[in-house]
Each structure stands twice: as C-alpha cells, then as structure tokens.
*Asks:* 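Could you have a look at this structure, given as structure tokens, before my questions?
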Amino acid sequence: MRMSKLYLPTLKEDPAEADIKSHQLMLRAGMMRKLNPGIFSYLPLGYRVIRKIENIVREEMNKTTSQEVLLPVMQTANIWKESNRWDKFGPLMIKFKDRKDHEYCLGPTHEEVITDLIKDEVRSYKDLPLNLYQIQTKVRDEIRPRFGVMRGREFIMKDAYSMDADYEGLDDSYQEMYEAYVNIFNRLGLETRVVKADSGAMGGKDSHEFMVIAESGEDDIAVCDSCDYAANTELAKSYEEEKNIDKDLKERKLIDTPDTKTIEGLESFLEIDGSKMIKTMLMKADDELVVVLLRGDDQLNEVKLTNYLQAANLEPATEEDIIEVFGVKPGFIGPINISDYKIIADHRIKNMRNAICGANIEDKHYGNVSPVRDFNVDEYTDLRTVKVGDLCPECEEGKLEIEPGIEVGHIFKLGTKYSESMGATYLDENGKAKPIVMGSYGIGITRIVAAAIEQSNDQNGIIWTKDLAPYKIIILPLGRSDEVNKTSEELYDTFQEMGIEVLLDDRNERAGVKFNDADLIGIPLRITVGSRSLENNVLEVRNRQTGEDFEINIDNYKEEIKKLLSELK
RNA sequence: CGGGCUGUGGCGCAGUUUGGUAGCGCACCUGCUUUGGGAGCAGGGGGUCCUCGGUUCAAAUCCGAGCAGCCCGACCA
C-alpha cells in the first residue's frame, strides 16, 4: 500500500480523552476514531489488525469441531423472556420497539439465539455433539465505557456454543475449546494466564478466564507463588486460617469512641489492629436485608456474597435501612442483639475472641466481644476478598500474589440453564426427552487489539508482533533523487510479488515525519532507502521489535529480508 | 446512578479570578528556500467560545437551568 493513498490520520499529541497507552496509541496511530463513548470506527490500519486477529481465531476454531455461522444482531424480546433474562440482563441491553410495537434488543450475547436456533433441529442424541461459533459485533449498554476499545458499548467478539447430550460430553467440548484457546493466544503472541472465574450473568458451573497480565487491567488475579492455583479475586477462595485462639473470654465492656465511624479511625483512636475488630455491614440482596460480618482488616467480596445468596442484585443498604435494623447511624453498628435479620459471617469471624465491634449506640463500641457468647451467627461462609500474602487455598503452602489482568477470553459450562428454560431437548437412546447440555466460549477480538498494544509498546509507539502487524515491512524513501525513488519502487513491487505485506511511504514528507510515523504504527521491519546507503550499495533495515539496525547488501536483499522476517517474534 | 474534573477553529491548550467583542502551538492552503529523526520565512483560510435563558450599554468571562465528554466506584469479551 502506498502511504500517499492510505487513510492514516496520525496524531503527534496524545488526545486528551485517552489515558491508557493502548487507547492513546490506537488513536494516534490512526487505527480508529470515536463516534460516541465506547463506540468506534476502525480505519484501514486498525481494521487490518482486527482481521489478522479474527483470522487467527478463525483458523484455530476451524481446527476444532466448531463450525462458523452468523447470528442476528437484532433479537426479539421473546427469546429473552423465555430464558428469563429480559429483566435480568436489563439495563445492559439496548432495547427498542419496531413499528408494530414489538420489543427487540441488540444482542449483548447469543445464548438465546443459538438455543432457539438448534432446538427445533436437534432432535436426537445422534445429532450431538454440535459446536457453532461466530465472529460478530456485540452491543452492550455498559454503565461506563472506558479505556477505548477495552470496555466498549460495541465490540467484536468470537463466541462459540457447544451442545452435548450429557455432562461428560460437555467436559469434552469444554476441554476442546480450552485447548483451542491456549493455541489461539499462543499464536496471538499474548502472554495469558488461565484463571478460575465467576460465571456471572451467564450462569453455569465451571468457568475459566484467559487473562493478559497488564498494568491497565481491570481485573485482579490471585496467583499462588508455589503451586499453579490462579483465580480471579472475584472468587479466589480464602484460606480458612486457624490462628491461635485466645480461649480466655474476657468480660464485655463498653468503650467510648466519639465520632469514630471507620475501622481506620478505630485503629488510630484505640491503637488496636483492624484484625481484632469485627466489621458489620448491612447489604440488600434483592429485597432482603442481610447483616454481614467481616474481620476489620478484610474487604467484602460482593461476588461471593451474591453467589452465596443466589441473589440477582446486591447493593449496600441505605442509611434509613441501617437505622431501622440497628437503631443507630452507620459507624457504630454491631451484631449484638440483632435477631430479626439473617447474620452471615466470614469464616474468619468464627475464631475471633475478645474483639471490638459497634455497640449500636452512637459513639460507642464494645470491647472483648466473642461469637456465640455475645452474638449469634446464622451462617458462616467465605466472604472476604483475598489479599496479597494470604496462604494459598489450594496447596496451603505458597502465598498469593495479586496481579492486574485484562480478560480476553472466557469459557463457561452453562449446563442446561438455557435448554431447559427454552425447551431445547433431544431424545436419548431410550427415546426419553432430555435437555441439551451447553457450554459457551467467548474471545474479545477488539479487546485483544488493546491488550496486545498494552503488552508491547515503547515511547515511540506500538510494536506489533509479526502475526498482528498490519504490514510486515515499511519502505522509507528519503530525499527525492530518482535513484532513491526507483529503488524504492522496485523493492515495493518485489515484496508484493513475494506476497509480503508492504507499505511504501511515498508521501512528500521529511525524513523525521516518516521515521516517527513508522515507529508509531509499529511495522516490524523498516527499510530506509537514501542516497547515502545507495552509494554503498546497501539497504538500511531496522527491527522495530529489537531496535537493531542492519545493513544488507542490495544484491541479495531478498534472502536477507526473508531471514530477518523469519526471525521476528 | 453517586463523586470529581472539563467543554474555546481538526488536535493540544491559554484567556474566565478583575465583563470591553478571541488568541497560541500543531495541522491545513499558497509561494520561496530546505530535505537522514516531527523544517524556515512570508502570506492565507477556518471559531454558534457546548446549549438555552437571565443580568448588563456590553458576556467566552457573572447568574440559573440543561446537555455532552473524561476520570474514580458497581457490569463484562
């Protein structure tokens, strides 16, 4: 491609609206432009990278039993009502009505469509297993789109759905996809980590996320430094530690804590560590108020609590609710003498003795409080978010580290959630109707573009790997001598004949502009053609990935370039 | 939805405190010179100062309301 003809509007300065590297660089490198928050147009360079990723994903998917289809973006509300997700997915969906007043949404995902698609066609166990995938734009009315393409309201996703006769079949399908994902991310050159994950609104049992470790990641991953345990902190199990228990129950006492409403405040006021305190919270799970107890130095993990309660919605209770339940303003609430509401405590509360908690009296806390003797707990479960340095729940030897990650893939064992609600059944060997057992498997195509850039850039711009680079070679003719132009054109033609994707910077720009744009858009090999080098009968080549410079003899440049290309990552 | 910040040529910003009719850098157009890491000189085009309402002789600037964007929290590929 000739750059004089390429629609490539690069920017010298970082746009004010972008503050992570990948977002800044995608705008600066002319890969995309924003239409609305989280909604982008992809320009030639950006779309080329997207297609590279799509094709790698497609090739690897086609090596499995999965077959490519294309499902509708516009979906009738009926199927969402059948699966009971019309309300549950709720505000995340863009909903609208057609002229006949029928309700529709723009597809945020395709479990309903796929289930509807197969339910009339798959009638016998002989039709199973079946696995279908598509690569398509998803639309979600995200609460807060951000970080460019990282969390968009429109994004391209590869989603696959497996249909099996039973759970053993699902395990096989899941394993097949798992392995395909490992291959895909290897080919994409992304350093990913597979972690156990929450299945969230998709429902189902097992679930793994494929995470790219990156500073700008929105998820936290807990990783054991000794075994291979790795999980999203949303569900990473907390090790049930059994500390030395102080058996001597001291007499409960009331302590004056004027205007001290937070754990931190108590820590400095009383000079006692938060681990000796009981944190009391009131949460509203759907319509039920629940009292939650945690150790003072722990954080409530809302995903764990939501899952434990099997709630659709979880939010902190209002101040009015708190006053009604505890008879006191927030800051001084505690579990003592609370009996009309369910009290759920983290495991770590069980072994606490002589602790401090709110007294349900303004400006007062109790000291020397212990469970059983002083207050009742209805249920103990794992509610805390794991922390750096926690003992690993798996091997119980290593310590957990926490790293930020970008979720680029997510696989779920859905089970029969959709097939049951939507009536997708088959007849087994005995002629008995059974629900199809399903799995779903997503890869965020556009998010991978951002993740790849996050993982590979420098001060000058993007550094593409060979397989994602929109072009492999960029030729920079410098100066305007006929000889330079002639050589550049020859190189350009030759590379095209060789089937190598090549850019020719034939713009009437100064050397500095060309160098800087070449660096910015991250083309792996740059060939500089100038009178200086032509005099010596050489081509100057720079490897963008390593920064190395080479002078190659112009007489056998084809071989040299092939060699340099093959050495690229 | 809550909290913070911001809206001024295509982009990045100043001007707002103290009202007087809009400016800088980049980009763009023309000409000349230049041409190996974002050129120089000269000339030029382009702005409902987010919107609506108010105060005033006069509003980018003051007041009110609204809208939009960005960032921090709950959602997810």
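Residue numbers start from 1 in every chain, and the chains themselves are labelled A, B, ... in the order their sequence lines are given, proteins ahead of strands.
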*Asks:* Would you measure the distance from the P atom in B:rU55 across to the matching atom in B:rG45 and give it in whole Å?
*Replies:* 37 Å
*Asks:* Looking at B:rG37, does its base get a donor-acceptor pair with the side chain of A:Asp519 below 3.5 Å?
*Replies:* yes
*Asks:* When you measure from the side-chain N and O atoms of A:Arg146 to the phosphate of B:rG73, is any distance below 4.0 Å, counting only OP1 and OP2?
*Replies:*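 Checking A:Arg146 against B:rG73: at least one side-chain N or O falls below 4.0 Å of OP1 or OP2.
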*Asks:* Under 3.5 Å, is there a donor-acceptor pair between the A:Asp116 and A:Tyr418 side chains?
*Replies:* no
*Asks:* Just the rounded figure in Å: distance from P of B:rC75 to CD of A:Glu154.
*Replies:* 23 Å
*Asks:* Mind checking who B:rU55 pairs with, Watson-Crick or G-U wobble, both distances under 3.5 Å?
*Replies:* none
*Asks:* How would you label the contact of A:Tyr441 with the nucleic acid (heavy atoms, under 4.0 Å): base, sugar-phosphate, or nothing?
*Replies:* nothing
*Asks:* Got a sec? Which of residues 33-58 of chain A come in under 4.0 Å of RNA chain B, heavy atoms?
*Replies:*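 Of all residues in residues 33-58 of chain A, the ones placing a heavy atom under 4.0 Å from RNA chain B are A:Lys34, A:Pro37.
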*Asks:* Evaluate whether atom CD of A:Glu59 has more than 12 neighbouring non-hydrogen atoms of other residues, nucleotides or ligands under 6.0 angstrom away.
*Replies:*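 Atom CD in A:Glu59 is crowded, with more than 12 foreign heavy atoms closer than 6.0 Å.
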*Asks:* Send over the distance from A:Glu509 CD to B:rG36 C1', rounded to a whole Å.
*Replies:* 15 Å
*Asks:* A:Phe185 has an atom CZ; how far is it from atom P of B:rA77, in whole Å?
*Replies:* 12 Å
*Asks:* Using the six-membered ring for Trp and the full ring for Phe, Tyr or His, decide whether A:Phe515 stacks on the six-membered base ring of B:rG36 (centres under 5.5 Å, planes under 30°).
*Replies:* no
*Asks:* Can you tell me the distance, in whole Å, between the CD1 atom of A:Ile20 and the C1' atom of B:rC72?
*Replies:* 15 Å
*Asks:* Please report the distance separating the P of B:rG20 from the corresponding atom of B:rG46, rounded so that it comes out in whole Å.
*Replies:*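 B:rG20 and B:rG46 have their P atoms separated by 24 Å.
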